[in-house]
Trainee: 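One structure coming up, written as structure tokens, with questions to follow.
Hydrogens, waters and symmetry mates are skipped; everything else that's a heavy atom, side chains included, is used. We name chains A, B, ... by the order of the sequence lines, and we start the count at 1 in each one.
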Amino acid sequence: MSISLKFPDGAERSYDDGVTPLAVAEGISKSLAKKVVAAKIDGAWWDLTRPLERGGKFELVTRDSADGLEVLRHDAAHVLAQAVQELFPGTQVTFGPVTEDGFYYDFARDEPFSTDDFEKIEKRMKEIVDADLPIVRTVWEKEKAIQHFKSIGEIYKAEIIDEVIKPGDPITVYSHGDKWGDLCRGPHLPSTGRLGKAFKLMKLAGAYWRGDQNNQQLQRIYGTAWADEKQLEDYLHRLEEAEKRDHRKLGRQMDLFHMQEEGRGMVFWHEKGLTLWRTIEAYMRRRLEKAGYVEVRTPQVLDRVFWEKSGHWDKYRPNMFVCETVEGETLSLKPMNCPGHVQIFKFGQKSYRDLPLRMAEFGACHRYEPSGSLHGLMRVRAFTQDDAHIFCREDQIVEETARFIELATSIHEDFGMVRDHIALGTRPDVRAGADEFWDRAERQMLDAARAAGVEPVIAAGDGAFYAPKLDFQLKDAIGRQWTCGTIQLDYVLPDRLEAEYVGEDGAKHRPVMLHRAILGSLERFIGILIENCAGAFPLWLSPVQVVVATITSDADGYANEVAAAMRKAGLRVELDLRNEKVGYKIREHSLQKTPVIAVVGKKEAEQRTVALRRLGGEAQQLMPLDEALAILTKEATPPDLR
RNA sequence: GCCGCGGUAGCUCAGUGGUAGAGCGCACCCUUGGUAAGGGUGAGGUCGGGAGUUCAAUCCUCCCCCGCGGCACCA
């Protein structure tokens with residue numbers, strides 16, 4: 001018998017039945033056989049040493065491909081598990097998948113691991129690689145497998161097989177020589193030697209068994225693994241680079257803000273940080289006004305009774321900052337702006353002619369977030385949302401949503417953020433409302449996205465419990481994704497708080513509410529902006545736009561004139577008259593990420609010119625002061641005013 | 001909230017069972033220098049907080065607080 005394999009380049013060749021992918025690779029070239037880690041037959045994974053059972057579309061997966069890396073990392077996880085079990089007898093294995101940059105493995109062990117153990121574990125892993133143990137795949141029957149894992153004390157594995165694998169489905173176990181084996185779907189390398197040594201253990205963390213807080217806490221060891229040493233080094237270098245853009249670090253270095261322990265999750269905005277904030281806020285106000293929004297402001301603290309009516313007291317209480325007065329009232333800081341906006345909507349009568357009513361607020365909210373979730377500006381307890389609620393009729397939902405998508409897209413672009421995709425969060429398992437409602441609501445969101453020329457990616461089950469939503473996924477300069485901007489449909493709150501408008505028919509109707517934000521929170525968005533540009537803000541956003549630096553004190557008088565002229569032209573300017581060398585001043589302001597340094601010395605003073613030096617460049621642009629003013633003010637104009 | 005790691009000068013970090021150091025920054029002095037660090041001098045610390053062991057604790061033990069990395073959470 002022979003089988004026919006169809007290769008990606010279109011070639012088709014026949015082989016003897018039972019040939020292994022490794023043998024096929026060897027038949028093609030020696031170097032290919034060296035690089036190959038697994039195969040795919042009609043898209044399904046196949047181990048290199050497992051005899052092929054049928055022909056079809058055939059692909060050899062090499063270690064430097066994305067698929068190949070996945071195989072390597074999976075093997076790295078197994079080698080890690082073997083090393084750990086050999087070094088720490090009594091440790092149980094649970095689950096060890098591949099991640100974006102590497103892998104992890106969750107272990108159950110009474111004593112804690114320490115990062116000090118990493119060296120020892122890595123050493124043993126390398127010994128296992130050197131031993132080049134053959135990796136053997138065996139197929140088990142469910143009951144037998146459960147018994148086997150129970151008998152060797154691996155209760156977690158037994159539980160997975162028992163609960164996750166359907167009766168009759170084959171169970172595969174991969175063994176490293178006769179020393180070690182693990183339940184696994186595969187595929188795996190033919191032997192441990194093929195893994196190579198471009199791996200490193202990275203960090204240690206707690207994790208819950210099957211991701212559930214009520215379950216036992218396991219110890220997770222994270223690692224990274226690559227096709228070769230060079231790739232590993234590049235990766236470690238990328239991590240260092242990412243660390244340099246950490247907004248917490250830059251925030252301190254650039255004197256933008258700070259946080260301290262008496263106010264966990266709360267931000268002290270310094271002058272420069274607040275300048276950034278105000279620039280963004282002013283820009284947003286202009287954009288919202290042009291887009292037909294009205295701006296309001298609602299109380300910071302409201303009576304418990306109010307939150308009971310809105311439903312928050314019931315559902316959101318653990319996250320609310322609640323306080324009591326000497327007179328015995330119970331109040332709460334607002335965790336959200338929506339109920340407040342409904343009050344403004346309800347004040348007086350609304351007609352269908354008032355709809356859609358787009359009500360915006362830079363709403364300062366407080367939420368008691370779990371201590372372990374706090375993270376710089378990204379996750380805080382006091383934050384300001386660029387919030388708005390659009391009150392409209394049901395037949396206006398699609399148009400309003402489409403308009404919002406266009407507005408948000410344009411704003412994100414103005415901030416230099418690139419969109420990856422828009423996600424449509426559909427009905428979650430636990431939800432309010434009948435299926436017909438969800439069918440309609442999801443349809444409306446989808447239609448709206450398409451009306452705005454966007455095909456959303458479906459995020460099944462990610463909707464709010466009362467309605468579907470669209471989330472904007474942005475991608476920053478180093479490829480990380482952030483959710484900025486969301487629009488959620490809400491039929492529940494208007495009903496609960498009895499919002500009404502008078503329709504064309506003279507009868508009272510319930511409006512629909514669209515909750516929406518474009519930046520999310522100002523705090524978080526500023527954090528993202530900082531990391532996106534590594535602190536080097538575009539001129540219009542930069543807290544300090546120009547530093548006028550003198551060469552010698554001869555130029556002090558002229559430097560003052562230059563700075564004054566720039567300020568008059570609306571630029572944010574600092575003056576550096578210190579008795580230091582220019583080189584020193586250049587270095588210091590460059591490290592502060594000042595976009596433009598205007599150097600003035602005797603020559604400039606005589607000619608009434610300035611020498612501009614841009615951040616990141618070494619060239620000097622010598623030009624008359626008037627010309628510099630014209631160029632810089634033009635460049636510093638916010639994008640919506642250009 | 002849970003697990004692991006950490007907390008020493010304004011910042012970044014070294015260090016020791018006998019109460020402490022560097023670089024940068026800061027102050028003062030000298031230097032007026034043409035595009036990424038000119039030189040000198042000096043000030044600055046409850047070694048996160050509390051308790052314990054010890055003749056003696058920044059160091060060892062325990063508790064707490066905070067930070068960092070994950071997990072869980074994030075209508």
Side-chain angles (χ1 to χ4, degrees), chain A residues 99 104 106-107 109 111-118 202-222 243 246 248-249 252-253 255 258-264 310-312 314-316 318-319 335-336 338 367-376 378-381 383 425 428 430-432 462-467 469 483 486 488 490 492-493 515 520-521 524 549-556 577-592 597-604 611-622:
Chain A
T99 62
Y104 66 79
D106 287 347
F107 297 99
R109 175 174 179 244
E111 294 77 47
F113 290 115
S114 149
T115 41
D116 297 340
D117 297 325
F118 280 9
M202 302 298 287
K203 50 201 175 192
L204 192 56
Y208 300 103
W209 170 234
R210 300 174 90 173
D212 187 337
Q213 215 178 151
N214 301 311
N215 286 344
Q216 190 184 333
Q217 180 132 21
L218 307 171
Q219 301 187 65
R220 175 172 298 179
I221 296 178
Y222 281 91
E243 221 170 283
D246 190 311
R248 294 164 300 186
K249 196 171 176 161
R252 186 170 49 237
Q253 282 168 4
D255 196 17
H258 87 268
M259 299 168 103
Q260 60 191 50
E261 61 179 80
E262 294 92 334
R264 302 187 64 193
S310 73
H312 288 79
D314 212 27
K315 289 229 164 61
Y316 207 67
N319 288 286
M336 289 173 205
C338 15
R367 295 183 190 171
Y368 191 85
E369 302 287 357
S371 57
S373 68
L374 300 177
H375 180 90
M378 303 302 191
R379 188 87 178 265
V380 288
R381 286 176 174 165
F383 53 94
V430 182
R431 59 178 178 262
D462 262 3
F465 82 89
Y466 51 79
K469 62 173 181 178
T483 305
T486 183
Q488 304 177 3
D490 187 358
V492 175
L493 199 63
H515 305 249
S521 85
R524 180 164 171 278
T550 49
I551 291 168
T552 65
S553 52
D554 296 351
D556 285 3
L577 303 180
R578 290 175 305 171
N579 177 12
E580 296 289 352
K581 295 191 172 188
V582 238
Y584 182 89
K585 296 184 184 182
I586 299 277
R587 175 178 158 83
E588 195 170 282
H589 298 119
S590 298
L591 289 172
Q592 283 296 306
I597 301 170
V599 178
V600 295
K602 212 187 254 174
K603 195 171 72 188
E604 286 77 10
L612 299 187
R613 184 191 164 109
R614 305 293 184 138
L615 180 60
E618 281 174 21
Q620 302 162 42
Q621 303 164 276
L622 186 69

Trainee: Which listed nucleotide (B:G34, B:C74, B:G1) is nearest to the side chain of A:R379?
Mentor: B:C74
Trainee: When you compare B:A57 with B:G67, how far apart are their C1' atoms, in angstrom units rounded to a whole number?
Mentor: 24 Å
Trainee: Considering just the side-chain nitrogens and oxygens of A:R613, establish if one lies under 4.0 Å of OP1 or OP2 belonging to B:G34.
Mentor: no
Trainee: Considering only atom P, compute the distance from B:C29 to B:G17 and round it to an integer number of Å.
Mentor: 43 Å
Trainee: With a non-hydrogen cut-off below 4.0 angstrom, is A:Q216 in contact with a base, only sugar-phosphate, or nothing?
Mentor: nothing
Trainee: With the side chain of A:R587 defined as its heavy atoms from C-beta on, choose the nearest nucleotide among B:G70, B:U35, B:A37.
Mentor: B:A37
Trainee: Which of the following nucleotides, B:C65, B:G34, B:C71, is nearest to the side chain of A:E261?
Mentor: B:C65
Trainee: With P as the reference atom in both, quote the distance from B:A51 to B:G45 in angstrom, rounded to an integer.
Mentor: 22 Å
Trainee: For A:R248, answer base if it contacts any base atom (sugar-phosphate contacts may also be present), sugar-phosphate if it contacts only those atoms, and nothing otherwise; contact means non-hydrogen atoms under 4.0 Å.
Mentor: sugar-phosphate
Trainee: Quick one: A:F113 CZ to B:G70 P, roughly how many Å, whole number?
Mentor: 20 Å
Trainee: Under a 3.5 Å limit for both distances, which nucleotide forms a Watson-Crick or G-U wobble pair with B:A37, could you say?
Mentor: none
Trainee: Once you apply a heavy-atom cut-off of 4.0 Å, does A:H589 come out as touching a base, just sugar-phosphate, or nothing?
Mentor: nothing
Trainee: From the list B:A72, B:C66, B:G38, which nucleotide is the closest neighbour of the side chain of A:Y584?
Mentor: B:G38
Trainee: Considering only heavy atoms from C-beta outward, does the side chain of A:Y466 approach that of A:D490 to under 4.5 Å?
Mentor: yes
Trainee: Is A:D246 salt-bridged to A:R248, cutoff N-O under 4.0 Å?
Mentor: yes
Trainee: Give A:K585 one of three labels, base, sugar-phosphate or nothing, depending on what nucleic acid heavy atoms sit under 4.0 Å from its own.
Mentor: nothing
Trainee: Which part of the nucleic acid does A:V582 contact within heavy-atom distance under 4.0 Å: base, sugar-phosphate only, or nothing?
Mentor: sugar-phosphate
Trainee: What's the closest nucleotide to the A:K203 side chain, out of B:G69, B:A72, B:G4?
Mentor: B:G69
Trainee: Please report the distance, rounded to the nearest Å, between CD in A:Q219 and P in B:G70.
Mentor: 17 Å
Trainee: Measure the CZ-CZ distance between A:R524 and A:R379 for me, rounded to the nearest 0.5 Å.
Mentor: 9.5 Å
Trainee: Of all the nucleotides listed (B:C74, B:G70, B:A36), which has the minimum atom distance to the side chain of A:S590?
Mentor: B:A36
Trainee: Does A:Y368 have a side-chain nitrogen or oxygen under 4.0 Å from the phosphate oxygens OP1 or OP2 of B:G1?
Mentor: no
Trainee: Side chains of A:H312 and A:N319: closer than 4.5 Å at any heavy-atom pair?
Mentor: no
Trainee: Can you see if the side chain of A:H375 gets near the phosphate of B:G69 - specifically, an N or O under 4.0 Å from OP1 or OP2?
Mentor: yes
Trainee: Taking only the C1' atom of each, what is the distance from B:G15 to B:C74 in whole angstrom?
Mentor: 42 Å
Trainee: Which part of the nucleic acid, if any, lies within contact of A:G372, taking any heavy atom under 4.0 Å across all strands shown: a base, the sugar-phosphate backbone alone, or nothing?
Mentor: base
Trainee: Testing the basics here: between A:A598 and A:L612, what is the closest heavy-atom pair and its distance to 0.1 Å?
Mentor: CB-CD2, 3.8 Å
Trainee: Which whole number of Å gives the distance between the P atom of B:G18 and that of B:G44?
Mentor: 24 Å
Trainee: Please work out if A:A205 contacts a base, only the sugar-phosphate, or nothing of the nucleic acid, heavy-atom cut-off 4.0 Å.
Mentor: base
Trainee: Evaluate the criterion side-chain contact (heavy atoms from CB on, under 4.5 Å) for residue pair A:I221 and A:F118; output intermediate values, then yes/no.
Mentor: CA-CA 9 Å; A:I221 296 178; A:F118 280 9; 4.1 Å; yes
Trainee: What do you reckon, is CD of A:E618 surrounded by more than 12 foreign heavy atoms closer than 6.0 Å?
Mentor: no
Trainee: When you compare B:U53 with B:C65, how far apart are their P atoms, in angstrom units rounded to a whole number?
Mentor: 24 Å
Trainee: Once you apply a heavy-atom cut-off of 4.0 Å, does A:A611 come out as touching a base, just sugar-phosphate, or nothing?
Mentor: base
Trainee: Taking any heavy-atom pair under 4.0 Å as a contact, classify A:H312: base, sugar-phosphate, or nothing.
Mentor: base
Trainee: Say we look at B:G7 and B:C47: how far apart would their P atoms be, to the nearest angstrom?
Mentor: 14 Å
Trainee: NA contact type, A:Y208, heavy-atom cut-off 4.0 Å: base, sugar-phosphate, or nothing?
Mentor: base
Trainee: Taking pairing as Watson-Crick or G-U wobble with both contacts under 3.5 Å, can you name the mate of B:U61, or confirm there isn't one?
Mentor: B:A51
Trainee: Expressed in whole Å, how much space separates the C1' atoms belonging to B:C13 and B:G50?
Mentor: 27 Å
Trainee: Students often get this wrong, so: under 4.0 angstrom with heavy atoms, is A:P370 touching a base, only sugar-phosphate, or nothing?
Mentor: base
Trainee: Return the 5'-most residue of the pair A:Q488, A:D246 with respect to RNA chain B, ranking by each residue's nearest nucleotide.
Mentor: A:D246
Trainee: Between B:G69, B:C66, B:C5, which nucleotide has the shortest distance from any of its atoms to the side chain of A:R264?
Mentor: B:C66
Trainee: So, does A:Q219 use its side chain to make a donor-acceptor pair with the main chain of A:E111 at under 3.5 Å?
Mentor: yes
Trainee: Select from A:E604 and A:G463 the residue whose nearest nucleotide in RNA chain B is closer to the 5' end of that strand.
Mentor: A:E604
Trainee: Heavy atoms from C-beta onward define the side chain here; which of B:U32, B:U12, B:C5 lies closest to that of A:R252?
Mentor: B:U12
Trainee: Strictly by Watson-Crick or wobble contacts shorter than 3.5 Å, is anything paired with B:G44, and which nucleotide is it?
Mentor: none
